[in-house]
Participant: 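Before anything else, here's the structure in question.
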Amino acid sequence: MSFPTDFWTMSGGGSGTFRQELPPPGGYKRIPFERIEARKLIKSRGIIAVYLTCTFGGCYLWYLNALKTLRLQTESRGARIALNPMIQAERDRTYLTQLRKNRDEEEKLMANVPGWIVGRYYGEKIYNTLAPDQWHDVVPNEYFAHSDPWYLHHHTEFHKWM
């Protein structure tokens, strides 16, 4: 394969003439380089009017939202106050049920021990200073005695994660 070495034969199509590319008649169009000002869509008074409208409109909407939030908080607070006695009663019921389960479990575990009285420590009363009809809360270790140790840990250590 041979390449033509003569430039004249490549550009002229074999005629041997060279044609220079020149600018169009009359020259190229002028290049604009001076600053072109942007069109103003809104004048300064319009911008201030839009700003004030948005600001006061936003304040009004914020006020309406604050009123609605206050009404919802009041309703939620009232519901919580109304339900609090029932929730406390359920907690007390669960507490007494667990104490009863603990007592029954102690009775089953110590059935083969002679002279064991349920609710006493080797026949001695645990709380000597309390009247027989006076209530006392048990310590967490006694309350969670017959349950998974995780529940005792969760009950005693949960406040550290708050």
Side-chain angles (χ1 to χ4, degrees), residues 1-106 109 126-127 129-130 134-162:
M1 175 193 269
S2 65
F3 293 103
T5 56
D6 187 14
F7 178 76
W8 305 104
T9 55
M10 282 190 339
S11 62
S15 65
T17 60
F18 176 75
R19 181 159 186 238
Q20 174 75 33
E21 288 189 13
L22 297 173
Y28 290 110
K29 198 165 85 171
R30 200 170 142 246
I31 299 173
F33 60 89
E34 61 270 348
R35 184 172 182 263
I36 300 171
E37 297 221 8
R39 285 185 4 205
K40 290 188 178 182
L41 299 174
I42 303 175
K43 297 191 179 192
S44 60
R45 287 185 182 168
I47 292 173
I48 291 172
V50 168
Y51 168 76
L52 291 176
T53 303
C54 289
T55 300
F56 289 119
C59 288
Y60 178 69
L61 292 175
W62 179 84
Y63 174 73
L64 292 179
N65 187 36
L67 287 178
K68 182 179 177 183
T69 303
L70 186 63
R71 281 194 304 270
L72 289 174
Q73 285 176 347
T74 302
E75 181 181 349
S76 178
R77 191 178 318 113
R80 189 172 60 244
I81 289 170
L83 291 175
N84 201 23
M86 288 186 283
I87 292 171
Q88 186 63 44
E90 284 296 317
R91 284 183 186 161
D92 291 346
R93 183 176 173 275
T94 305
Y95 181 75
L96 292 174
T97 304
Q98 182 63 36
L99 290 181
R100 186 55 164 164
K101 285 180 185 176
N102 287 352
R103 189 173 179 85
D104 294 343
E105 189 71 26
E106 180 184 353
L109 285 173
I126 298 172
Y127 300 100
T129 58
L130 296 176
Q134 192 173 2
W135 177 258
H136 68 277
D137 285 324
V138 295
V139 294
N141 287 337
E142 188 177 339
Y143 181 78
F144 293 104
H146 303 288
S147 61
D148 188 4
W150 181 86
Y151 293 109
L152 172 64
H153 175 72
H154 180 73
H155 178 75
T156 56
E157 305 292 329
F158 185 71
H159 68 279
K160 294 179 181 175
W161 295 95
M162 292 296 209

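All residue numbers refer to positions in the sequence shown, counting from 1. Computed from a predicted structure; not experimentally measured.
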Participant: Test of understanding: with side-chain contact (heavy atoms from CB on, under 4.5 Å), list the residues that count as partners of Val138, not counting sequence neighbours.
Facilitator: Tyr95, Leu99, Glu142, Tyr143
Participant: For Glu34, what residues pass the salt bridge (Lys or Arg N to Asp or Glu O under 4.0 Å) criterion, not counting sequence neighbours?
Facilitator: Arg30
Participant: Please enumerate all residues that pass side-chain contact (heavy atoms from CB on, under 4.5 Å) together with Thr53, with sequence neighbours excluded.
Facilitator: none
Participant: His154: what forms a ring-ring contact (aromatic ring centres under 6.0 Å, His included) with it, not counting sequence neighbours?
Facilitator: Trp150, Phe158
Participant: Between Cys54 and Val50, is any pair of side-chain heavy atoms under 4.5 Å apart?
Facilitator: yes
Participant: Would you tabulate the side-chain donor-acceptor contacts of residues 55-65 under 3.5 Å, counting partners in other chains and residues two or more places apart, or write 'none'?
Facilitator:
unit_1	atom_1	unit_2	atom_2	d
Thr55	OG1	Tyr51	O	2.9

Participant: Compare all side-chain heavy atoms of Pro140 with those of Leu152 and state whether any distance is below 4.5 angstrom.
Facilitator: yes
Participant: Say you draw a straight line from CG of Asn84 to CD1 of Ile81; how long is it, rounded to the nearest 0.5 Å?
Facilitator: 8.5 Å
Participant: Taking atom NE2 as the centre, does His153 end up with more than 12 heavy-atom neighbours from other residues, nucleotides or ligands that are less than 6.0 angstrom away?
Facilitator: no
Participant: Assess the side chains of Gln98 and Asn102: does a donor N or O sit below 3.5 Å from an acceptor N or O?
Facilitator: yes
Participant: Closest approach of His146 and Glu106, non-hydrogen atoms and distance?
Facilitator: NE2-N, 4.2 Å
Participant: Can you pull out every salt bridge (Lys or Arg N to Asp or Glu O under 4.0 Å) where at least one residue sits in residues 69-94? Sequence neighbours excluded, please.
Facilitator: none
